Amino acid sequence: PVDVTKTARRILIADDQSDLLAALRLLLRGEGFVVTSVSSPQAALAAVDEQHFDVALIDLNYSRDTTSGAEGFDLLGEIQKRDAELPVLVMTAWGSVDGAVEALKRGARDYITKPWENERLLLTLRTQIELSQALRQRQRLEQENQRLRRADAHAPIMIANSPAMRSVLEIIERVGPSDASVLVTGEHGTGKEVVARVLHAQSSRRERPLVTVNAGGLSDGVFESELFGHVKGAFTDAKTARVGSFELAHE
């Protein structure tokens, strides 16, 4: 697991009390969080649309003299529509725990009571971030692995009887079980990918994915993203996170 105590994580805080926001910013920045604080549901949704967050901490009430929690419930629902994987924690006063319970029923991951205990708040945030990271990773890998399962639906078969190809098969048998890196060359249509699949099938990694990438077909703008992946919001068109080919092959 990632040690979130040593890695800067992005948190969104939504509350209409300026002194509370100031206290949370001071605490969380001191613990290595990158904090974005807003005072209204509208500003919170705008922030979610524009940035990637690892966790959101939202109040249930924003308008003066309101205690129903309806604003917070609506905000929770809208955040989930935009990013169903973003863990959302709600804040509530001691006398409004019923509202927090209702928020949990609607998909909030946990709740924090006001006034909060610093240690419990930090532990809850870090726990939810770590759980969310594991969930996102599993979902992304499962989506990418669907492509691999379709590609590897049949075991590779190589049929060759000519003397030239028999020597190739002998090399494959010797090299396949080793940890050597192999460069397969040849003209278009000569079966380079078939050789690569046979090598993979004979290697110690045969139970792990074989990821093929047409490097010549990648433009400069997507090369790094295809090979190394990216997180949501890493650049303008990064609407969702993507697992890179290297990480996918390592799974």
Side-chain angles (χ1 to χ4, degrees), residues 1-15 21 24-59 62 72-91 103 106-112 121-145 147 218-248 250-251:
V2 175
D3 185 353
V4 297
T5 65
K6 298 182 179 179
T7 306
R9 295 300 173 192
R10 303 188 64 87
I11 179 171
L12 171 66
I13 307 173
D15 197 289
L21 290 177
L24 285 172
R25 284 196 299 267
L26 182 63
L27 170 65
L28 296 174
R29 286 174 178 170
E31 293 294 326
F33 286 85
V34 178
V35 181
T36 297
S37 58
V38 297
S39 58
S40 70
Q42 295 77 14
L45 294 177
V48 171
D49 288 336
E50 296 172 0
Q51 303 178 51
H52 165 77
F53 293 101
D54 296 290
V55 65
L57 181 62
I58 68 171
D59 192 22
Y62 295 85
F73 298 149
D74 291 342
L75 175 57
L76 172 62
E78 290 299 320
I79 290 176
Q80 291 174 324
K81 290 178 183 178
R82 288 162 166 79
D83 187 350
E85 299 173 356
L86 175 63
V88 180
L89 285 68
V90 299
M91 292 184 287
R106 298 186 183 214
R109 299 286 182 87
D110 207 336
Y111 69 92
I112 300 296
L121 170 61
L122 293 170
L123 177 61
T124 301
L125 290 173
R126 288 168 177 155
T127 299
Q128 291 302 328
I129 290 173
E130 189 168 353
L131 290 174
S132 178
Q133 286 177 330
L135 178 61
R136 289 176 189 260
Q137 180 78 343
R138 186 182 69 181
Q139 291 176 340
R140 291 199 300 266
L141 289 174
E142 176 60 28
Q143 292 170 359
E144 295 292 340
N145 280 336
R147 173 167 59 90
L218 299 178
S219 64
D220 293 340
V222 301
F223 184 82
E224 292 90 347
S225 180
E226 178 70 25
L227 295 184
F228 301 101
H230 61 254
V231 298
K232 177 184 176 183
F235 49 88
T236 303
D237 293 328
K239 303 300 184 183
T240 60
R242 176 181 174 83
V243 174
S245 297
F246 285 124
E247 183 179 357
L248 182 59
H250 187 63
E251 173 61 13

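All values below come from the heavy atoms of this structure, side chains included, with hydrogens, waters and symmetry mates left out. None of the values given here were measured: they were computed from a predicted structure.
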Do L125 and F33 have side-chain heavy atoms sitting under 4.5 Å apart? yes
Taking the side chain as every heavy atom from C-beta outward, state whether L45 and I79 have any atom pair closer than 4.5 Å.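 Result yes, sub-4.5 Å side-chain heavy-atom pair found.
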Looking at every heavy atom in both P41 and L75, which two are closest together, and how far apart are they?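 Between these two residues, the closest heavy atoms are O-CD1, 3.7 Å.
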Closest non-hydrogen contact found for A108 with L76 is N-CD2, 3.9 Å
Which of these, I11, I112, L57, V35, sits in a side chain to side chain contact (heavy atoms under 4.5 Å, CB included) with L24?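 Considering I11, I112, L57, V35, a side chain to side chain contact (heavy atoms under 4.5 Å, CB included) with L24 is found only for L57.
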Pick one: which of V55, D54, V34, L28 meets side chain to side chain contact (heavy atoms under 4.5 Å, CB included) with R9? D54
Would you mind checking if E78 and R82 are paired as a salt bridge, meaning a charged N to carboxylate O distance below 4.0 Å?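 Counted as a salt bridge, because a side-chain N and a carboxylate O are separated by less than 4.0 Å.
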Distance in Å, [X] [atom1] paired with [Y] [atom2], rounded so as to fall on 0.5 Å steps:
X   : Y    : atom1 : atom2 : value
D15 : I58  : CG    : CD1   : 10.0 Å
M91 : L121 : CE    : CG    : 9.0 Å
L21 : L26  : CG    : CG    : 12.5 Å

Quick one: does any side-chain atom of S132 pair with a main-chain N or O of E85 as donor and acceptor, under 3.5 Å? yes
Between the side chain of R106 and the main-chain N/O of G77, is any donor-acceptor distance below 3.5 Å? no
